[in-house]
2 protein chains.
Amino acid sequence: MGKPIDIGRALAHLPLFQQLRESEISQLAAGTSEVGLSKGRILFQKGTLLDSFYAVVSGQIKLAFSSPQGNEKVVSIVGPGQSFGEAVMFLEKPSLVFAQALEDSHLLSIAKRGIFAAIDRDSAFARRMLAGLSVRLHGLIQDVENYSLHSSTERVIGFLLQLAGAPANGSIDIELPASKHIIASRLNLTPETLSRVLHNLSESGLISVKGKCITVVDVISLSQFNGMLYSLPYSS
Amino acid sequence: MGKPIDIGRALAHLPLFQQLRESEISQLAAGTSEVGLSKGRILFQKGTLLDSFYAVVSGQIKLAFSSPQGNEKVVSIVGPGQSFGEAVMFLEKPSLVFAQALEDSHLLSIAKRGIFAAIDRDSAFARRMLAGLSVRLHGLIQDVENYSLHSSTERVIGFLLQLAGAPANGSIDIELPASKHIIASRLNLTPETLSRVLHNLSESGLISVKGKCITVVDVISLSQFNGMLYSLPYSS
DNA sequence: GCCGGCGCTTGATGTAAATCAAGGCGCACC
DNA sequence: GGTGCGCCTTGATTTACATCAAGCGCCGGC
């Protein structure tokens, strides 16, 4: 799993900890350890209690539900610089999701005690932590909105636009952050439907697809496409 | 909208603030105001920025999405002692939902500045705030799980069991916390489907329904019913 | 008491997406 | 250069739920 990492350095790079002093970082570092995880490995199962949370240094982690019938639903795909597990850590309740590496990954495991110490010492840090959870909450609400109010095509478009980032006009190239069946699950679709939706958008001339690479021909008209959905047959 | 309320007293009763000192409460009280809202009134629209959050003293508030096509999807039904809007306040981004009174209601509007002051002064309060947001997050993830992995019947059963509270065995009486079409929307169902599901459960002898009052005949077998779902025709 | 409206139920029909079932296509490995 | 194997696509069929369309019962007003 590669060479060990300078934990302090890695911590200081995380958005959450950007504004901590050197001394605070090193205190946090005392409670954090490096975790190497090779592709496919499970970090924790659904039902686990956490007394640390995780930050991704490199690689990619998926958070997902598993149903007794063996179905699986991806809730979130977490990449470098992002973190997960805070809420479960604070709550001291079993996690509803499991975490699995999509690629060989390096994580930091940051102990609760260190975080609590940082909160005690620095109320600005506490606020940043609150803001972080709020962002998470906001995202989740957006997901709920997507699942319950938007069609499959709308969800795919929304996802592409989100990947595209800033609403520039003109064309943008995007690389899907994971294999299509993972993306499909993230969007609450089967791989088959994702494929068909992509095909349709492609036929309509709005995007072109080549493996994991998608180029959005015109961001504006893609984002306006929602309005014309009624006029489209399901497949053609 | 009734007589004014002792704001300090009301604040002290909220779970979030239980452990604050008298002096802290009165400082918070300085930044909070009472809001009376009659049934059907909208507290804030989707898109609003909040610089306070709200706690329900009496009555009931619904948080919901509205889609351009006029559909509406209830995200949450908030009752006395509960609060909402924290995440939007911390984030300083427009709210994704709107808030509307389902009954004549009394709320407290608690200003951001007061909360920040409390966080600065008392790190235990900051932790409680973090725990509060974590609970919210956990609930939302559970919703996502329900929407994406469970059938309509399973969602209804889950909801009933949640209302029933502790997993006692034997029978329990429940009163639905709102009209059926609100509940249906909360569960991502149409009123028609909710009605049919309730009817089926009723015919199977698991519950009996009389208006808003539902008695779960046997909590255990209701919670085990999920397993036998495959054997049931959709309606009969 | 009767009337009107609203919330709920019930039935018939429609439909978006899932599921089932084959292929094709790239890619690593022998 | 094949050969095998995931990953993706494509088509046919099924299905859970929504939608559309009546009725029904209950409650409040006159």
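Numbers restart at 1 for each chain; the letters A, B, ... are given by sequence-line order, proteins then strands.
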Is the backbone of Glu103(B) close enough, under 3.5 Å, to the side chain of Ser105(B) for a donor and an acceptor to pair up by distance?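 Yes, the answer is positive, given that a donor and an acceptor are paired below the 3.5 Å cut-off.
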Exam field: side chain Ser148(B) to backbone Val144(B), donor-acceptor pair closer than 3.5 Å: yes
Nearest-Å distance, [atom1] ([X]) to [atom2] ([N])?
{"X": "Leu149(B)", "N": "dA16(D)", "atom1": "CG", "atom2": "P", "result": "16 Å"}
{"X": "Asn200(B)", "N": "dG11(C)", "atom1": "CG", "atom2": "P", "result": "11 Å"}
{"X": "Leu102(B)", "N": "dG7(C)", "atom1": "CG", "atom2": "C1'", "result": "15 Å"}
{"X": "Ile183(A)", "N": "dC7(D)", "atom1": "CD1", "atom2": "P", "result": "14 Å"}
{"X": "Leu187(A)", "N": "dA18(C)", "atom1": "CG", "atom2": "P", "result": "11 Å"}

What are the atom names and distances for every N/O pair under 3.5 Å that joins the protein to nucleotides 8-12 of chain D?
from, atom 1, to, atom 2, distance (Å)
dC8(D), OP1, Lys180(A), N, 3.1
dT9(D), OP1, Lys180(A), NZ, 3.1
dT9(D), OP2, Ser195(A), OG, 3.2
dT9(D), O5', Ser195(A), OG, 3.1
dT10(D), OP2, His199(A), ND1, 3.1
dG11(D), N7, Arg196(A), NH1, 2.8
dA12(D), N6, Arg196(A), NH2, 3.4

Sole candidate of Leu43(B), Val57(B), Leu108(B) that passes side chain to side chain contact (heavy atoms under 4.5 Å, CB included) when paired with Val35(B):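 Exactly one candidate clears the test, Leu43(B).
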Take the C1' atoms of the five end pairs on each side of the helix from dG1(C)-dC30(D) to dG23(C)-dC8(D), derive the two axes, and give their angle rounded to 10 degrees.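 Between the axes fitted at each end of the helix from dG1(C)-dC30(D) to dG23(C)-dC8(D) lies an angle of 30°.
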Sequence neighbours excluded - salt bridge (charged side-chain N to carboxylate O under 4.0 Å, His left out) pairs with any residue from residues 78-95 of chain B: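 For residues 78-95 of chain B, and leaving out neighbouring residues, the salt bridge (charged side-chain N to carboxylate O under 4.0 Å, His left out) pairs sorted by first residue read Glu86(B)-Arg136(B), Glu92(B)-Lys112(B).
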Does any pair with a residue in residues 178-194 of chain A pass salt bridge (charged side-chain N to carboxylate O under 4.0 Å, His left out), and if so which ones, sequence neighbours excluded?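 Found Asp143(A)-Arg186(A).
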Is it the case that more than 12 heavy atoms not belonging to Gln45(A) sit under 6.0 Å from its CD atom?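 Yes - once you tally the heavy atoms of other residues, nucleotides and ligands closer than 6.0 Å, there are more than 12.
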Looking at Thr190(B), I'd like to know whether one of its side-chain N or O atoms comes within less than 4.0 Å of OP1 or OP2 on dA18(D).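 True: Thr190(B) side-chain N/O within range (under 4.0 Å) of dA18(D) OP1/OP2.
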The criterion is side chain to side chain donor-acceptor pair (under 3.5 Å); which residues satisfy it with Glu72(A), sequence neighbours excluded? Lys62(A)
May I have all residue pairs that pass side chain to side chain donor-acceptor pair (under 3.5 Å) and include part of residues 46-56 of chain B, sequence neighbours excluded?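 For residues 46-56 of chain B: Ser52(B)-Ser109(B).
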Touch class at under 4.0 angstrom, heavy-atom based, for Asn188(A) against every strand present: sugar-phosphate
